[in-house]
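Reading through the structure tokens given below for one structure.
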Amino acid sequence: RSAIAYKFRASQARTRLKDISLQVGRTGTITPVALLDPVLLAGSTVQRATLHNEDEIQRRDLRKGDLVILEKGGDVIPKVVGGVLEERPSWAVPFQFPEHCPACQSSLVRDPEEAATRCENPACPAQLKRRLEHFAARTALDIEGLGPAVVDQLVDRLLVRDVGDLYDLDLETLS
């Protein structure tokens, strides 16, 4: 009632898209991530931004080497708004989404009804790492000290192959 909210335009910056990497989430969803030349945007240096999915990359026609325009959604989350086509390098080629998981090399699957591409291998080490992080997070079991670095070591050394293996760890193994 009788209140006014002002929304300011998001500040934008230009930078170079160095590469597109792929992240595997805890449910197997493959998320493309823009690796960018560092640029100062709204008070922080941005080097990475999500590209959401294969459709978004194609819709925006983003290619490795492109000059891209970034902004922060809600002044927090960096996002690629689009590319500057006039400054596209002649060698830039369209991004091809892989057919195999970058972590376990299993085949990737995409339901035509969804935008997400998934690794359906339940033993995928990247999925396991994300599941363990989720399991140990403050909003779940709140396991202090079980962050990404420790999770990576436990999975890479084959000490944990599923969440239940956490309960078999002893002090000697952990040290």
Side-chain angles (χ1 to χ4, degrees), residues 1-104 108-120 124-140 142 147-149 151-152:
R1 295 182 207 197
S2 68
I4 297 174
Y6 291 99
K7 288 195 174 190
F8 300 100
R9 291 189 78 159
S11 55
Q12 294 185 334
R14 289 179 170 207
T15 189
R16 190 70 58 187
L17 175 61
K18 295 191 303 188
D19 204 357
I20 297 174
S21 71
L22 300 169
Q23 289 182 336
V24 183
R26 68 183 171 91
T27 62
T29 302
I30 308 296
T31 304
V33 177
L35 303 179
L36 309 160
D37 281 338
V39 62
L40 186 63
L41 177 62
S44 65
T45 302
V46 176
Q47 298 182 68
R48 297 166 58 91
T50 182
L51 295 174
H52 304 287
N53 56 54
E54 182 179 10
D55 292 344
E56 282 297 303
I57 295 172
Q58 290 175 353
R59 188 174 70 78
R60 291 194 168 101
D61 190 23
L62 297 173
R63 302 177 185 192
K64 182 178 173 181
D66 277 355
L67 185 66
V68 294
I69 300 168
L70 280 181
E71 68 179 35
K72 282 191 176 177
D75 249 6
V76 179
I77 309 293
K79 64 180 179 179
V80 176
V81 177
V84 182
L85 297 179
E86 309 82 59
E87 300 206 27
R88 172 171 284 160
S90 59
W91 50 265
V93 295
F95 179 74
Q96 289 295 313
F97 217 81
E99 295 179 11
H100 295 85
C101 175
C104 70
L108 296 179
V109 177
R110 180 168 177 192
D111 182 341
E113 299 291 317
E114 294 182 4
T117 301
R118 300 183 194 283
C119 169
E120 291 191 322
C124 176
Q127 285 185 58
L128 175 60
K129 289 175 182 181
R130 301 300 79 79
R131 281 195 306 267
L132 290 170
E133 289 171 16
H134 181 75
F135 182 79
R138 187 177 308 155
T139 55
D142 194 15
V151 165
D152 286 348

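Sequence positions, counted from 1, serve as the residue numbers for this chain. Since this is a predicted model, take the numbers as computed values, not measurements.
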More than 12 heavy atoms from other groups under 6.0 Å of NE2 on His134:
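It does not: His134 NE2 has 12 such atoms or fewer within range.
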Measuring from atom OG1 of Thr15 to atom CG of Leu67, what distance do you get when rounded to the nearest 0.5 angstrom?
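If I round to the nearest 0.5 Å, the distance is 7.5 Å.
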Can you tell me how far apart CG (Leu41) and CG (Leu36) are? Round to the nearest 0.5 Å.
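The CG atom of Leu41 sits 10.5 Å away from the CG atom of Leu36.
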Between [X] and [Y], which heavy-atom pair has the shortest distance, and what is it?
X: Pro78; Y: Val76; result: CD-O, 3.4 Å
X: Phe97; Y: Pro32; result: CE1-CG, 4.1 Å
X: Ala103; Y: Val24; result: CB-CG2, 4.4 Å
X: Gly83; Y: Leu62; result: N-CD2, 3.9 Å

Please say which of Thr29, Val33, Ile30 ends up in a side chain to side chain contact (heavy atoms under 4.5 Å, CB included) with Gln23.
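Of Thr29, Val33, Ile30, side chain to side chain contact (heavy atoms under 4.5 Å, CB included) with Gln23 is met by Val33 alone.
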Result of checking Ile57, Leu22, Thr31 against Leu51 for side chain to side chain contact (heavy atoms under 4.5 Å, CB included)
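Result: among Ile57, Leu22, Thr31, Ile57 is the only option passing the side chain to side chain contact (heavy atoms under 4.5 Å, CB included) with Leu51.
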Pro38: what forms a side chain to side chain contact (heavy atoms under 4.5 Å, CB included) with it, not counting sequence neighbours?
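Checked Pro38 against side chain to side chain contact (heavy atoms under 4.5 Å, CB included); matches are Thr45, Gln47.
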Only counting residues at least two apart or in another chain, list the ones meeting side chain to side chain contact (heavy atoms under 4.5 Å, CB included) with Leu128.
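Scan of Leu128 (side chain to side chain contact (heavy atoms under 4.5 Å, CB included), adjacent residues dropped) gives Arg131, Leu132, Val155.
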List in chain and number order the residues that pass side-chain hydrogen bond (donor to acceptor under 3.5 Å, both in side chains) with [X], two or more places apart in sequence or in another chain; answer none if no residue qualifies.
X: Glu56; answer: Arg59, Arg60
X: Lys64; answer: none
X: Glu113; answer: none
X: Lys72; answer: Ser44

Could you list all the salt bridge (charged side-chain N to carboxylate O under 4.0 Å, His left out) pairs where at least one residue sits in [range], not counting sequence neighbours?
range: residues 84-102; answer: Arg14-Glu87, Asp61-Arg88, Asp66-Arg88
range: residues 15-35; answer: none
range: residues 42-54; answer: Glu54-Arg110

Considering residues at least two apart in sequence or located in another chain, which fulfil the salt bridge (Lys or Arg N to Asp or Glu O under 4.0 Å) criterion with Arg130?
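So Arg130 forms a salt bridge (Lys or Arg N to Asp or Glu O under 4.0 Å) with Glu133, Asp152.
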Do Val84 and Ile69 touch side chain to side chain, with heavy atoms closer than 4.5 Å?
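Val84 reaches Ile69 side chain to side chain.
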Say whether, by atom type as modelled, one donor and one acceptor occur between the side chain of Gln127 and the main chain of Cys119 under 3.5 angstrom.
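Judged by distance alone, yes, a pair lies under 3.5 Å.
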